[in-house]
Amino acid sequence: MVDFREEFGLKKRASHKRPSGFYNGEKFVFTQSRWTIITILRLLWRYGLDCYYIYNHVNSVLSAFSRYGIFGMDAARTLGCSRWKP
């Protein structure tokens, strides 16, 4: 992402000190605390272990893609694309 910023001549935005949260279109249903442990406890209270399961699932999918070279230059060959010409 830093390369994109430099390539297009964009400046880095200053970080904000406001807490982050989840917005459902009408109101914030979850907001971050100043303390990490409080944020983690709030996440566990509201969502249980779903955040952990999603995190692990996304990591397993990404590792499977990288293992088979989907993100590499030989992606078309790996997928069996007949139009791909080296």
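Just so you know, these numbers come straight off a predicted model, no measurement behind them. Throughout, numbering of the chain's residues begins at 1 and tracks the sequence.
- Partners of Tyr52 by side chain to side chain donor-acceptor pair (under 3.5 Å), not counting sequence neighbours, listed by chain and number: Asn56.
- For OH of Tyr55, the number of neighbouring non-hydrogen atoms (other residues, nucleotides, ligands) closer than 6.0 Å is 12 at most.
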- Task: Starting from the C-alpha separation in whole Å, work towards a yes-or-no answer on side chain to side chain contact (heavy atoms under 4.5 Å, CB included) for Phe22 and Tyr47.
- Result: CA-CA 12 Å; Phe22 300 142; Tyr47 301 105; 3.6 Å; yes
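- Remark: Thr31 engages Phe28, Arg42 in a side chain to side chain contact (heavy atoms under 4.5 Å, CB included) (not counting sequence neighbours).
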- Item | Test side chain to side chain contact (heavy atoms under 4.5 Å, CB included) applied to Ile38 and Gln32, step by step | CA-CA 8 Å; Ile38 300 297; Gln32 181 183 16; over 6 Å; no
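- Although no hydrogens or angles enter the test, the distance criterion places a donor-acceptor pair under 3.5 Å between the side chain of Thr39 and the main chain of Ser33.
- A continuous path of ILVMFWY side-chain contacts below 4.5 Å connects Leu41 to Trp35, so both sit in one hydrophobic cluster.
- With sequence neighbours excluded, no residue forms a side chain to side chain donor-acceptor pair (under 3.5 Å) with Asp50.
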- Message: Pair Leu43, Phe30 - check side chain to side chain contact (heavy atoms under 4.5 Å, CB included), show working.
- Response: CA-CA 8 Å; Leu43 278 170; Phe30 177 82; 3.5 Å; yes
